[in-house]
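Predicted model, so just to flag it, every value in this text is computed and none were measured.
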Amino acid sequence: MSARDAAHGGQAASDTGMIAIAPAGGADVAAIDALLRSSFARAEEADLVRDLCVAGDMVLMLAAHDEETGALVGTVAFSRMDVAVAGKPIAAVALAPVAVAAAHRQQGVAEALIQAGLDRLEQEGVVLCFVLGDPAFYARFGFDADFARNFASPYAGDYLMALPLQGGLMPCGVREHARHASPFEALSQP
């Protein structure tokens with residue numbers, strides 16, 4: 001099976017074995033923290049995930065485990081956002097961070113995690129997903145800076161992208177604000 005199959009609740013083969021993707025649980029907390037701390041140059045992403053959970057802003061966190069060893073090999077987080085279009089609140093999330101253990105990179109694990117999250121969020125009625133990242137990577141999922149343009153955000157620019165989840169339909173009207181949850185304020189600006 002492909003990594004995309006794992007995104008839909010199945011398994012995926014990687015060069016290092018089979019992986020399974022499921023919502024993260026309490027037993028994953030320490031391993032997720034360790035993975036985030038080893039995957040990024042600074043501890044900010046690990047602290048962000050902790051703070052989003054403590055503040056009640058975490059909407060979905062997925063974990064990818066090596067089925068043979070049970071080891072956590074990847075994770076992705078989606079947190080609540082405050083977004084408005086034409087004076088109406090829009091159900092929206094931010095995708096950040098995503099991390100994959102070094103031995104499992106370049107094997108589709110990140111893609112499978114992201115796609116699994118997007119699929120689940122669409123089923124749950126989330127309208128928009130925002131991400132701040134490399135357009136070349138996130139475009140494969142349909143993220144585009146044009147969808148995020150004209151939202152008031154401290155991250156506005158070519159690297160802030162959005163993806164309409166409900167059949168690809170963008171809400172009509174004046175784009176007002178796209179505010180990340182308050183724990184994002186602790187991140188240093190690029």
Side-chain angles (χ1 to χ4, degrees), residues 7 19 21-66 71-83 91-118 120-121 126 128-141 143-145 147-149 151-163 165 177-190:
I19 62 163
I21 295 174
D28 295 315
V29 172
I32 288 172
D33 186 73
L35 176 62
L36 292 170
R37 290 180 190 282
S38 69
S39 296
F40 295 97
R42 299 175 302 208
E44 289 180 313
E45 284 78 5
D47 294 343
L48 172 65
V49 167
R50 179 200 61 221
D51 295 346
L52 288 166
C53 289
V54 168
D57 291 319
M58 188 64 71
V59 173
L60 177 63
M61 183 131 209
L62 295 177
H65 290 92
D66 180 303
L72 178 78
V73 299
T75 190
V76 65
F78 297 89
S79 59
R80 189 173 335 283
M81 287 185 68
D82 175 15
V83 176
V93 297
L95 184 171
V98 60
V100 175
H104 291 270
R105 291 183 187 149
Q106 304 295 319
Q107 298 175 39
V109 175
E111 290 88 343
L113 280 162
I114 292 167
Q115 192 61 57
L118 295 173
R120 183 172 176 141
L121 292 164
V126 173
L128 289 174
C129 182
F130 287 80
V131 69
L132 184 65
D134 180 3
F137 178 79
Y138 289 102
R140 70 187 75 190
F141 303 101
F143 285 96
D144 194 305
F147 292 131
R149 221 168 302 290
F151 280 104
S153 168
Y155 305 109
D158 291 338
Y159 294 95
L160 179 65
M161 297 164 279
L163 173 65
L165 294 177
H177 59 266
R179 296 184 193 116
H180 286 69
S182 60
F184 278 87
E185 294 169 9
L187 295 177
S188 55
Q189 295 293 319

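Counting only distance, with no hydrogens or angles, the side chain of Thr75 and the backbone of Leu62 share a donor-acceptor pair below 3.5 Å. Without hydrogens or angle criteria, Arg149 side chain to Asp144 main chain gives no donor-acceptor distance under 3.5 Å. The backbone N or O of Val100 lies less than 3.5 Å from a partner atom in the side chain of Arg105, making a donor-acceptor pair. Between the side chain of Arg140 and the backbone N or O of Phe137 there is at least one donor-acceptor pair closer than 3.5 Å.
Distance OG/Ser39 to CD/Glu45: 9.5 Å, rounded to 0.5 Å. Note that CG of Leu52 is 4.0 Å distant from CG of Leu48, once rounded to the nearest 0.5 Å. Here the straight-line distance linking atom CG of Asp158 with atom CG of Asp134 works out to 11.5 Å at 0.5 Å rounding. Atoms CG and CG, from Leu121 and Leu128 in turn, are 11.5 Å apart once rounded to the nearest 0.5 Å. Expressed to the nearest 0.5 Å, how far CG of Leu113 lies from CD1 of Ile21 amounts to 4.5 Å.
Relative orientation of the Phe143 and Phe141 rings is perpendicular, given thresholds of 30° and 60° on the angle between their planes.
In summary, of the residues considered (Arg179, His180, His177), a side-chain contact (heavy atoms from CB on, under 4.5 Å) with Met81 occurs for His180 alone.
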Before giving the answer on side chain to side chain contact (heavy atoms under 4.5 Å, CB included), spell out for Tyr138 and Ile114 the whole-Å C-alpha distance, their side-chain angles and the decisive distance to 0.1 Å.
CA-CA 10 Å; Tyr138 289 102; Ile114 292 167; 3.9 Å; yes
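Taking the side chain as every heavy atom from C-beta outward, Arg120 and Pro23 approach each other to under 4.5 Å. Using a 4.5 Å heavy-atom threshold, the side chains of Asp33 and Val49 count as separate.
Pairs engaging residues 49-65 under the side-chain hydrogen bond (donor to acceptor under 3.5 Å, both in side chains) rule: Asp28-His65, Asp47-Arg50 [sequence neighbours left out].
Two rings, from Phe151 and Phe130, have their centers less than 6.0 Å apart.
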